[in-house]
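Worksheet: the structure to be examined is printed underneath.
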Amino acid sequence: MTTDGAGASGPGGDPIHIDPDNWLPRDLAGRCARCGTGPELEGFFRSVVFPELDMGYWISEMIRGIGPGEVTTFGAIARGLGDPAAARAVGALISEGVIEGPVHRVIFSDGRVPRGSMDPLSSEIGDPVLIKLERPVEFELSRPPLIVLSDIQKALAIRAERGTRNVNSVCGLDVSYGSINVCALSKFTLSGKHEGDMTTEVEPGLPYIPGYLFYREGPCMIEAVSKAREEGMIDGETLLMIDGNGMLHPRRMGIARQLGMVLDLPTCGASKRLMMGRVGEYRNAIKGISIAKVTDDEEVIGASIKAGEKKAFYLSAGHLTDLRTCIPLVSRMLSGRHPAPVKRAHDLANETRKRSLKNPIGLS
DNA sequence: GCGACAG
DNA sequence: ATCTTGTCGC
């Protein structure tokens, strides 16, 4: 890693250049495109990509170049990382106190100073009001990590198999976060009968960044699914139903589809909030269920499903399945507003995490 | 006031 | 997602 000392990017100033030679291996997207499927692709993520997901380190290396009297913003750091959508995640990491370096020199883009940074900034700059007049330092990374990660998603989208696979059961999958993090799986038959659960303690990858959910929860879920496979709870014809999106994603590679490709399993996504796209006209389906298409420029990327007058949820195909297959399947197993498998996995993950606070040896 | 980016 | 009192609804 090298930086160009100067830093001050006042009017006409240069951004801080960073050439991270040890952050992420070179040409990860290209390697992903050339990588095989099945265990080989899973191994690529487990041993090459996931160990590199250290956003705290990336941010620390960036802000160590901000000198006394200079400031930058949460948004500038996020842009430097490759996606402005990461601004809140940058703020969250800094407020957690896990970032090394002069974190007090990171302010809001409107000039406000985060709580806790006012005193150290005042002694460096004088009147904090004048901070507004400073031009925040920008960053230019030769290989922005979030660009690398989104390029991997694009590479996967290009090589994605479009066929469908026969399904013999459905398994909901969700993670609950706290002092410990718990991943839960809940298996159901195609007719909606509950068949079993599994929970396991996990470690997340990146913090949550919209569009990159797979890099947060994927490592946890892959770990949990591997375990469930070993125990015979799921096989190649188990449809994984994930709390999130599949095709309903800016790069058509939401967590459900990316996880499905990596694990070579059929997957679909069910989310509570619409991430993108336009909701069409609702049409009545079976048993008081109404359904509308979710489109992005003519392309159908998902469906909005409403049970009765309840709020809708958003279903999208992941890997080895399609909406036409998923919609009837999911419609037959609704539990209130949501599909039973994700609802149960969600509740189970939550309960298990909270229960573990009182009984630290209670995980299965 | 607008836009509003899954968990 | 999590942090949280009392409250509303099936």
Side-chain angles (χ1 to χ4, degrees), chain A residues 53 55 74-75 78-79 81-93 95-96 98 109-110 146 149-150 153 172-184 201-222 224 240-260 267-279 288 294 296 301-305 307-318 334-339 341-343 345-357:
Chain A
L53 303 180
M55 187 153 134
F74 298 104
R79 285 191 292 278
L81 290 170
D83 196 326
R88 286 180 209 80
V90 172
L93 283 176
S95 69
E96 281 170 28
V98 300
S109 61
D110 63 5
L146 297 182
L149 298 182
S150 58
Q153 294 176 326
L173 194 47
D174 196 18
V175 186
S176 176
Y177 298 92
S179 51
I180 69 161
N181 313 300
V182 174
C183 182
E201 189 176 338
V202 291
E203 286 307 318
L206 289 185
Y208 170 67
I209 303 168
Y212 303 81
L213 183 56
F214 171 80
Y215 298 102
R216 170 168 175 76
E217 302 194 341
C220 312
M221 291 182 169
I222 288 172
L240 297 183
M241 192 178 290
I242 286 104
D243 199 335
N245 297 307
M247 293 287 285
L248 208 168
H249 182 274
R251 297 174 284 279
R252 304 293 180 266
M253 197 48 68
I255 183 170
R257 187 145 92 126
Q258 194 164 356
L259 184 73
T267 55
C268 69
S271 70
K272 301 166 198 67
R273 301 194 305 196
L274 186 63
M275 185 192 196
M276 62 169 297
R278 210 177 125 271
V279 179
V294 175
D296 181 34
I301 56 178
S304 174
I305 301 182
E309 296 308 303
K310 294 187 176 67
K311 205 172 158 208
F313 72 94
Y314 304 91
L315 180 72
S316 58
L334 292 183
S335 164
R337 178 192 166 198
H338 299 297
V342 286
K343 167 90 168 95
H346 184 274
D347 293 345
L348 178 62
N350 253 309
E351 287 162 10
T352 306
R353 178 179 62 79
K354 287 173 179 167
R355 184 152 33 84
S356 77
L357 293 178

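Letters A, B, ... are given to chains in the order of the sequence lines, protein chains preceding strands, and every chain is numbered from 1. Please read these numbers as outputs of a predicted model, since none were measured by experiment.
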Base, sugar-phosphate or nothing for [X]? Non-hydrogen atoms, less than 4.0 Å.
{"X": "A:Y177", "value": "sugar-phosphate"}
{"X": "A:F313", "value": "nothing"}
{"X": "A:L248", "value": "nothing"}
{"X": "A:D83", "value": "nothing"}
{"X": "A:N245", "value": "base"}
{"X": "A:G244", "value": "base"}

### Query
5'-most contact on DNA chain C: A:K310 or A:H346, nearest heavy atom basis?
A:H346
Rounding to a whole Å, what distance do you find between [X]:[atom1] and [N]:[atom2]?
{"X": "A:Y314", "N": "B:dG7", "atom1": "OH", "atom2": "C1'", "result": "16 Å"}
{"X": "A:M221", "N": "B:dA6", "atom1": "CE", "atom2": "C1'", "result": "11 Å"}
{"X": "A:D110", "N": "B:dG1", "atom1": "CG", "atom2": "C1'", "result": "16 Å"}
{"X": "A:K354", "N": "C:dT2", "atom1": "NZ", "atom2": "P", "result": "7 Å"}

### Query
Which stems does DNA chain C form, counting runs of 3 or more consecutive Watson-Crick or G-U wobble pairs with both distances under 3.5 Å?
none
### Summary
The residue among A:T352, A:D347, A:N350 that forms side chain to side chain donor-acceptor pair (under 3.5 Å) with A:S176 is A:N350
### Query
Are A:E217 and A:Y177 close enough that a side-chain donor and a side-chain acceptor fall under 3.5 Å?
yes
### Task
Kindly say if A:R216 contacts the phosphate of B:dG7, meaning a side-chain N or O under 4.0 Å from OP1 or OP2.
no
### Query
Does A:N350 put a side-chain nitrogen or oxygen below 4.0 Å from OP1 or OP2 of C:dT2?
yes
